[in-house]
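What follows is a set of notes on a single structure, which appears directly below.
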Amino acid sequence: MANEVNNLGDMSTASRLLVFGGCYSNLAATQAMQAVAAELGIKPEQIICTGDLIAYCAEPVEVLDLIQDWGIHVLMGNCEESLGFEQLDCGCGFEKTSVCSALSIAWYQYASQRVALEHRTWMKSLPRVIEFQFQSTRFRVVHGSVTSINQFIFPSTEAEMKLAQINQTDADVAIGGHSGIPFGQSLVDESLKSKIWLNSGVIGMPANDGTADGWYMLVESDSSGYRLNWHRLPYDAKASQKTTRIAGMVEYAEALTTGLWPNMDILPIKEQGEQGQRLEVGAMTIANSNQ
Ligand SMILES: [Fe+2]
């Protein structure tokens, strides 16, 4: 049985947290993320991955081994849930007739044939929720939404829906993964309390913005509170493209360098219209309410 909730306690004893998601079996991207963390001096216990270690690319076992050796906090994504519990598909919730569904069959079979029993056991043991406090803010990390591991929450998803999700918890800030687009959105609920929905972005597949880069997020203390900063992760995308193409996932291999998703079935109209536009994600500053 998976640990449902992993409470990390007060994480602001260190000045900086690193959050990323979606390694997607992309070894070069995951190695680049680890190198950035080392360069920034961020220890594994200050790093959270929002899940989906395994998906579209060609090196699932290598990525799993790297992440386990690294020792960072990992949330269960729908891909870990599906592979861990030996389900028949990736559990992304794609429509059966969609292109996403057809493409996911190839990578899921590829990964499923390679992961060992001990990998599945480890994936099953991952928490479905990670909670922590940073200064006076309570964070809740979920893969899709609060209520569903495979719900897509995008920038254009209605604010009321994001608020309704956060308000089912005692958190001030929700960090989601799954949707692959980095963003931060300030929200105000009916009792005029400030809430925030965040997505760190993913490292293993571009953000559909016409660049090959992945994305990660830093939570950093400053003099009056803390800041959220999103950063691009450049890496050797051609290396991952080569292995992904050889493995037969040619559509995803193309996407690694074009920066364009092979299809947009899951995207709302607004995000579809933004395909190929270079993404900018502005920093957010949050004042410490105790000051
Ligand atoms: Fe996911």
Side-chain angles (χ1 to χ4, degrees), residues 2 4 19-26 29-30 33 48-57 60 63-64 67 72-96 98-112 115 119-120 122-130 140-155 157 161-162 165 174-183 197-208 214-217 244 249 251-252 255-256 261-268 271:
E4 294 294 317
V19 185
F20 70 94
C23 301
Y24 299 153
S25 309
N26 185 333
T30 311
M33 187 74 269
I48 296 170
C49 174
T50 63
D52 287 352
L53 304 177
I54 298 180
Y56 319 113
C57 299
V63 167
L64 278 173
I67 292 287
I72 64 174
H73 303 290
V74 181
L75 186 74
M76 181 188 286
N78 55 287
C79 299
E80 287 74 53
E81 181 185 57
S82 294
L83 286 162
F85 291 94
E86 300 192 57
Q87 293 167 357
L88 293 176
D89 63 31
C90 66
C92 289
F94 301 143
E95 295 290 331
K96 289 283 180 252
S98 69
V99 178
C100 282
S101 180
L103 293 180
S104 70
I105 290 169
W107 75 252
Y108 191 76
Q109 286 182 348
Y110 177 91
S112 199
V115 294
H119 291 126
R120 293 186 195 271
W122 181 79
M123 287 189 272
K124 277 198 287 193
S125 75
L126 294 171
R128 293 170 184 271
V129 173
I130 293 177
R140 187 175 178 99
V141 189
V142 294
H143 183 67
S145 68
V146 169
T147 53
S148 170
I149 196 170
N150 66 358
Q151 185 171 0
F152 294 104
I153 305 285
F154 291 104
T157 302
M161 213 272 271
K162 292 167 178 145
Q165 287 285 323
I175 302 179
H178 191 53
S179 67
I181 307 280
F183 71 96
W197 192 282
L198 302 172
N199 192 311
S200 66
V202 294
I203 63 168
M205 195 50 65
N208 200 32
W215 286 82
Y216 63 94
M217 182 179 78
T244 303
M249 281 81 81
E251 292 87 353
Y252 293 118
L256 290 173
W261 291 2
N263 68 82
M264 297 194 287
D265 291 352
I266 63 163
L267 277 178
E271 282 79 8

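In each ligand, atom 1 is the first atom listed, and ligand 1 is the first ligand listed.
- The minimum heavy-atom distance linking Ile54 with Pro60 is given by the pair CG2-CB, 3.8 Å.
- Between Phe152 and His178, the ring planes lie parallel to each other; the angle is under 30°, not in the 30° to 60° tilted range.
- In this structure, Ser179 contributes its side chain and Ile153 its backbone to a donor-acceptor pair below 3.5 Å.
- Only protein N, O or S atoms were scored, and 4 of them lie under 2.8 Å from the Fe ion (ligand 1).
- Exactly one residue among Trp107, Tyr56, Tyr108 makes a ring pair (Phe, Tyr, Trp, His ring centres under 6.0 Å) with Tyr24. That residue is Tyr56.
- Within the 4.5 Å cutoff, no side-chain heavy atoms of Cys49 are placed close to those of Ile67.
- Considering only heavy atoms from C-beta on, Asp52 comes within 4.5 Å of Asn78 through its side chain.
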